[in-house]
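Every heavy atom of this structure was used, including side-chain atoms; hydrogens, water molecules and symmetry mates were not. Counting starts at 1 for both ligands and their atoms, in listed order.
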Amino acid sequence: MKIEIMTLFPAMCEAVLGESIIGRARAQGLVEIHTRNIRDYTKDKHRRVDDAPFGGGYGMVMQAQPIADCFRALCADWGSRPRLIYLSPQGKPLTQQRCKELARLPHLALLCGHYEGVDERVLEALVDEEISIGDYVLTGGELPALVLADAITRLLPGVLAADAAYIGESHYNGLLEHPQYTRPAVWEARAVPEVLLNGNHALQEQWRREQALERTKRKRPDLLRAAEHGEWAAGERIETGD
Ligand code: SAM
């Protein structure tokens with residue numbers, strides 16, 4: 001899969017993308033993630049990419065021309081038009097389900113806004129989808145784009161040691177993950193649940209399932225309600241046991 005991040009701050013993205021699991025996945029060719037500086041496409045002789053909003057108001061707005069030319073250059077380089085996602089606090093909230101769907105696409109372009117956002121005509125003319133990472137406002141779209149790129153990349157084949165690494169995780173099938181423990185078996189008088197030490201894999205699997213249900217009921221009852229209302233794709237609906 002190929003992901004290209006269109007941004008005014010490529011160094012901010014590269015600093016994250018070179019590290020840890022994503023950095024290794026890139027080095028091994030399991031994913032291609034590139035950054036493209038929108039400023040390189042401005043036709044302004046002072047390299048400006050923003051201007052004051054029409055009608056007045058606070059701050060600056062990113063202009064349409066550099067963004068559109070940046071995206072068109074990207075399409076020309078790739079020889080095809082990828083889905084263009086604008087990271088925006090006005091977008092649909094990101095979910096694991098959407099990450100799974102996006103991970104199946106061959107390539108994606110992510111547009112990071114800054115200042116007061118981008119000229120509305122860019123959304124009308126070019127953007128396929130707006131995604132938000134939560135109901136709060138950040139200074140720019142770089143962190144949200146990195147969140148999205150990370151969440152997608154770890155679902156790609158070969159990136160994690162085994163598919164099982166994410167299949168049982170929180171949100172994969174609508175539940176939160178069971179509690180996790182590691183050595184030592186007793187820490188400050190707190191013992192690991194006995195069932196995890198007795199070597200009975202069937203019992204351990206049952207315990208993990210019960211714990212996942214119990215903590216989802218306790219911490220995120222809204223997830224169970226969503227499952228009961230069929231908000232999960234066929235084959236992914238969870239059994240709540242109720
Ligand atoms: N004036 C805009 C509004 O009220 O909707 C907010 C602009 S915000 C300061 C600047 C940029 O940060 C946005 O264009 C967007 O790319 C990004 N951004 C901020 N919060 C975000 C969020 N919760 N999810 C995704 N992107 C976000």
Side-chain angles (χ1 to χ4, degrees), residues 1-17 19 22 31 33-42 44 47-75 81-103 105 107-155 170-171 220 222-223 226 231:
M1 178 179 202
K2 265 200 300 203
I3 301 176
E4 188 130 350
I5 302 178
M6 297 160 55
T7 169
L8 291 175
F9 299 95
M12 186 175 164
C13 300
E14 291 294 346
V16 173
L17 294 169
E19 296 290 331
I22 307 291
V31 64
I33 310 181
H34 305 283
T35 54
R36 201 173 275 244
N37 193 338
I38 296 169
R39 198 177 295 280
D40 291 343
Y41 296 88
T42 179
D44 183 89
R47 286 184 44 89
R48 279 186 62 170
V49 289
D50 58 340
D51 211 330
F54 277 123
Y58 177 80
M60 303 296 269
V61 176
M62 284 173 68
Q63 292 171 298
Q65 176 273 314
I67 297 172
D69 285 1
C70 179
F71 183 59
R72 287 172 185 144
L74 180 161
C75 296
R81 185 197 188 284
R83 185 170 188 82
L84 177 58
I85 296 176
Y86 173 45
L87 285 307
S88 160
Q90 301 181 18
K92 214 167 164 192
L94 183 61
T95 61
Q96 187 72 6
Q97 178 63 16
R98 190 67 192 127
C99 292
K100 280 194 250 179
E101 292 158 3
L102 293 173
L105 298 180
H107 49 226
L108 272 181
L110 309 182
L111 171 60
C112 306
H114 231 87
Y115 318 117
E116 285 312 303
V118 307
D119 189 306
E120 187 67 19
R121 293 166 292 184
V122 170
L123 308 190
E124 293 165 10
L126 299 174
V127 168
D128 299 300
E129 177 177 358
E130 290 180 60
I131 288 182
S132 164
I133 63 158
D135 289 342
Y136 44 81
V137 177
L138 300 162
T139 52
E142 286 71 20
L143 292 173
L146 292 168
V147 165
L148 182 57
D150 184 299
I152 290 173
T153 300
R154 68 196 299 285
L155 297 176
S170 297
H171 303 295
R220 291 290 305 274
D222 56 303
L223 294 179
E231 288 172 23

Shortest heavy-atom approach to atom 10 (C) of ligand 1 - which of Tyr136, Tyr115, Tyr86: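 Among Tyr136, Tyr115, Tyr86, the closest heavy atom to atom 10 (C) of ligand 1 belongs to Tyr115.
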
Looking at non-hydrogen atoms alone, which of Gly57, Gly113, Ala145 comes nearest to atom 11 (C) of ligand 1?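 Closest candidate by heavy-atom distance is Gly113.
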
Which bit of Thr139 gets closer than 4.0 Å to ligand 1, counting heavy atoms only: side chain, backbone, both or neither?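 The part of Thr139 near ligand 1 is the backbone, not the side chain.
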
Can you list the ligand 1 atoms lying under 4.0 Å from a non-hydrogen atom of [X]?
X: Pro144; value: 25 (C), 26 (N), 27 (C)
X: Gly141; value: 12 (O), 16 (O), 17 (C)
X: Leu138; value: 8 (S), 9 (C), 10 (C), 12 (O), 19 (C), 20 (N)
X: Gly117; value: 14 (O)
X: Ser132; value: 23 (N), 24 (N), 25 (C)
X: Gln90; value: 3 (C), 5 (O)
X: Val137; value: 8 (S), 9 (C), 20 (N)

Please check if the side chain of Thr42 supplies one atom and the backbone of Arg48 the other of a donor-acceptor pair under 3.5 Å.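 Indeed, once roles are kept as given, a pair shorter than 3.5 Å links the two residues.
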
Short side-chain to backbone donor-acceptor contact, Arg36 and Glu4, under 3.5 Å: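 Here the side-chain-to-backbone pair does not exist.
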
Working to the nearest 0.5 Å, report the span between OG1 of Thr7 and CZ of Arg39.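 Reported to 0.5 Å precision, the distance equals 10.0 Å.
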
Compute the shortest N/O to N/O distance between [X] and ligand 1 and return yes if it is under 3.5 Å, no if not.
X: Leu87; result: yes
X: Leu111; result: no
X: Val118; result: no

List the closest protein heavy-atom neighbour of [atom]: residue, atom name, distance to the nearest 0.1 Å.
atom: atom 2 (C) of ligand 1; result: Glu116 O, 3.6 Å
atom: atom 27 (C) of ligand 1; result: Pro89 CD, 3.5 Å
atom: atom 24 (N) of ligand 1; result: Ile133 N, 3.1 Å
atom: atom 25 (C) of ligand 1; result: Ser88 N, 3.3 Å

Is there a side-chain hydrogen bond (donor to acceptor under 3.5 Å, both in side chains) between His114 and Glu142 once you walk through the steps? CA-CA 9 Å; His114 231 87; Glu142 286 71 20; 3.3 Å; yes

Beyond-backbone contact of Arg220 with His171, side-chain heavy atoms, under 4.5 angstrom: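 Arg220 reaches His171 side chain to side chain.
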
Is any side-chain heavy atom of Cys112 closer than 4.5 Å to a side-chain heavy atom of Leu8?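 Not in contact.
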
In a check of side chain to side chain contact (heavy atoms under 4.5 Å, CB included) between Ile5 and each of Leu148, Leu108, Ile33, which one passes?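 Testing each of Leu148, Leu108, Ile33 against Ile5, the sole residue satisfying side chain to side chain contact (heavy atoms under 4.5 Å, CB included) is Ile33.
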
For Arg121, I'd like to know if atom CZ has over 12 heavy atoms of other residues, nucleotides or ligands within 6.0 Å.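 For Arg121, atom CZ is not crowded (no more than 12 foreign heavy atoms under 6.0 Å).
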
Tell me whether the count of non-hydrogen atoms from other residues, nucleotides or ligands lying under 6.0 Å of CG in Asp222 goes above 12.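 Yes, because the 6.0 Å sphere around CG of Asp222 holds more than 12 heavy atoms from other groups.
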
Pairwise side-chain hydrogen bond (donor to acceptor under 3.5 Å, both in side chains) hits with a residue in residues 55-73, at least two apart: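 Checked against side-chain hydrogen bond (donor to acceptor under 3.5 Å, both in side chains) - neighbours excluded - the pairs reaching residues 55-73 are Lys43-Asp69, Gln65-Asp69.
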
Any heavy atom of Ile131 sitting closer than 4.0 Å to ligand 1?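 A heavy atom of Ile131 does come that close to ligand 1.
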
Under the ring-ring contact (aromatic ring centres under 6.0 Å, His included) test, residues paired with His34 that sit two or more places apart: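 Per chain and number, His34 pairs via ring-ring contact (aromatic ring centres under 6.0 Å, His included) with no residue.
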
